[in-house]
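Everything below concerns the one structure shown next.
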Amino acid sequence: MSKNTPKAIRGTQDIFGPDAEAFAFVVETFERVRKLYRFRRAEMPVFEKTEVFARSLGETTDVVSKEMYSFEDRGGDSLTLRPEFTAGIARAYLTNGWQQHAPLKLATHGPLFRYERPQKGRYRQFHQIDAEIIGAGEPQADVELLAMADQLLKELGIEDVTLHLNTLGDGESREAWRAALVEYFRAVKDELSEDSQERLEKNPLRILDSKDRKDKPFLADAPKIDDFLSDEARAFFEAVTSGLDAAGVKWKRAEALVRGLDYYRHTAFEFIPDEGSVSADALGSQSTVLGGGRYDGLIENLGGSATPAVGWAAGIERLAMLVGDRADDLLEVAIVAEHAARESEAAELVARCRRRGFQTELFATGSPRKRFDKARKAEPAVLVSFDVREGKDTTKFAWFESTSGRVEEAKAFLSEFQSASEI
RNA sequence: GCGACCGUAGCUCAGUUGGUUAGAGCGCCGGUUUGUGGUACCGGAGGUCGGGGAUUCGAGCUCCCUCGGUCGCCCCA
């Protein structure tokens with residue numbers, strides 16, 4: 001590589017080969033499953049006014065100022081590359097009058113951008129699949145959404161992850177719990193880790209999932225959300241869990257699973273690899289595979305009327321790491337022009353095969369002597385060779401092991417051509 | 001923002017206590033066998049050893065800076 005070849009931007013990736021096939025497999029599976037649950041496809045712009053995300057994040061200063069890709073356009077507006085789907089979907093819901101479709105089940109996928117140091121399973125441009133139900137305040141919506149996530153993961157072949165589930169209660173429950181946590185941790189502030197002392201002021205709920213040894217002894221006895229739940233909130237959570245049981249979705253209570261932003265209410269969840277599993281190993285410290293929750297307060301933050309909503313998102317790269325290598329499709333037909341004089345005939349048959357829907361490759365470049373070898377190396381199901389031997393056109397067919405019905409069809413089609421060409 | 005490790009051909013890597021023109025395998029290109037052949041053999045292209053500076057008679061190898069990568073911490077909408 002020349003030293004003046006421009007380099008890719010830090011944290012971006014060029015995906016190719018088995019990785020790209022795994023990526024495509026994730027997206028294709030998501031598209032199929034989303035239709036089973038009747039979620040409708042939506043496309044949003046990859047950038048919005050910075051305000052859209054800033055208001056959605058409740059002006060969480062660190063995140064807004066340091067972790068978003070923001071820039072000024074020529075008109076002087078501050079724009080931001082979307083760091084998540086939810087805010088843009090909520091904005092679209094409001095500005096397009098999608099209220100008329102409520103309750104609305106939406107699915108989308110595409111690139112997102114966050115200004116972070118890259119590490120395993122974490123990039124500056126990354127990709128997610130996303131599902132949201134807007135305008136449905138019933139626990140059945142949470143259940144349906146989670147059942148879809150569960151089925152998706154299973155259809156991807158990812159079995160060693162478990163749904164971790166918690167409730168944050170309604171607005172009042174949540175505030176009471178938060179206050180109790182602050183009081184509890186403030187009493188032992190000096191014994192907490194440095195990070196957690198800071199969290200106490202900025203984001204006390206986060207102390208609960210601290211990785212620091214110094215904090216661990218205090219976590220078990222910390223106030224529990226269950227002691228602060230209103231009757232309604234408790235009933236809501238019970239409806240969700242019994243709905244999951246009925247739908248056959250396995251779950252595990254995770255009392256320390258929290259969301260930092262105020263607009264989250266009730267259900268919060270993450271699918272996390274089981275300890276010691278292959279998936280846990282594959283993901284390093286970025287362990288959540290799919291996460292989401294109920295965000296009944298968000299749409300109001302964006303200036304809409306109070307609208308309940310629940311959703312999840314999952315990183316395509318992370319899922320792709322868990323589905324394993326996906327090989328390229330089998331080459332169905334390889335056609336070789338072993339002699340320059342037969343090249344146009346070979347090209348014609350290639351065109352016919354492709355029009356009939358067969359995956360076909362032409363080998364007609366480089367050393368004539370080696371074209372056949374290259375074709376064999378591509379491991380086709382059928383190989384057709386166009387050659388000239390002793391001044392005579394010779395067309396040969398080689399049939400290899402077949403592993404799919406498509407290959408049988410290709411063979412049948414080419415057999416016709418074979419007999420025709422021999423007349 | 002902080003920390004650890006890494007950076008030699010397109011890819012995977014070797015390169016002895018610093019010592020002549022920097023190597024291998026795979027891949028790529030070409031040649032040989034008048035051959036039912038994914039083979040074998042021969043040859044070729046391709047590297048200012050991430051970049052800059054320092055030490056030295058001499059640096060891929062030592063030191064400093066810088067850039068990039070990987071993994072972790074913080075953060076995680």
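In what follows, every chain begins at residue 1, and chains take the letters A, B, ... in the order their sequences are listed.
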Between A/Gly11 and A/Arg199, which is nearer to the 5' end of RNA chain B once each is assigned its nearest nucleotide?
-> A/Gly11
Extract the stems that RNA chain B is part of, considering only consecutive pairing runs of at least three Watson-Crick or G-U wobble pairs, both distances under 3.5 Å.
-> B:1-7 with B:67-73, B:10-13 with B:23-26, B:28-32 with B:40-44, B:50-54 with B:62-66
Qualifying salt bridge (Lys or Arg N to Asp or Glu O under 4.0 Å) pairs with a residue from residues 360-375 of chain A, counting only residues at least two apart or across chains = A/Glu343-A/Arg371
Hey, is the side chain of A/Arg117 poking within less than 4.0 Å of OP1 or OP2 on B/C74, counting only N and O atoms?
-> no
What closest approach, in Å, do A/Phe113 and A/Phe126 show between heavy atoms, and which atom pair accounts for it?
-> N-CE2, 4.0 Å
How far, in whole Å, is B/A9 from B/G51 if one measures between their P atoms?
-> 10 Å
If the P atom of B/C2 is compared with that of B/C63, how far apart are they to the nearest Å?
-> 23 Å
OP1 or OP2 of B/G72 less than 4.0 angstrom from a side-chain nitrogen or oxygen of A/Gln119, does that happen here?
-> yes
Determine the Euclidean distance between corresponding P atoms of B/G23 and B/U48; express it in Å to zero decimal places.
-> 15 Å
Contact class for A/Glu194 (heavy atom, under 4.0 Å): base, sugar-phosphate, or nothing?
-> nothing
If you look at every strand shown and take non-hydrogen atoms under 4.0 Å, does A/Tyr264 touch a base, only sugar-phosphate, or nothing?
-> sugar-phosphate
Assess A/Arg124 against A/Tyr115: is NZ or CZ under 6.0 Å from the centre of the six-membered ring, and within 45 degrees of the ring's axis?
-> yes
With a 4.0 Å heavy-atom cut-off, tell me which residues in residues 361-374 of chain A come close to RNA chain B, sorted by residue number.
-> A/Gly366, A/Ser367, A/Arg369, A/Lys370, A/Phe372, A/Asp373, A/Lys374
N/O (side chain, A/Lys377) to phosphate O (OP1/OP2, B/G27) under 4.0 Å = yes
Toward the 5' end of RNA chain B, which comes first, A/Phe113 or A/Tyr123, by nearest nucleotide?
-> A/Tyr123
A/Asp387 side chain to A/Arg389 backbone, donor-acceptor under 3.5 Å | no
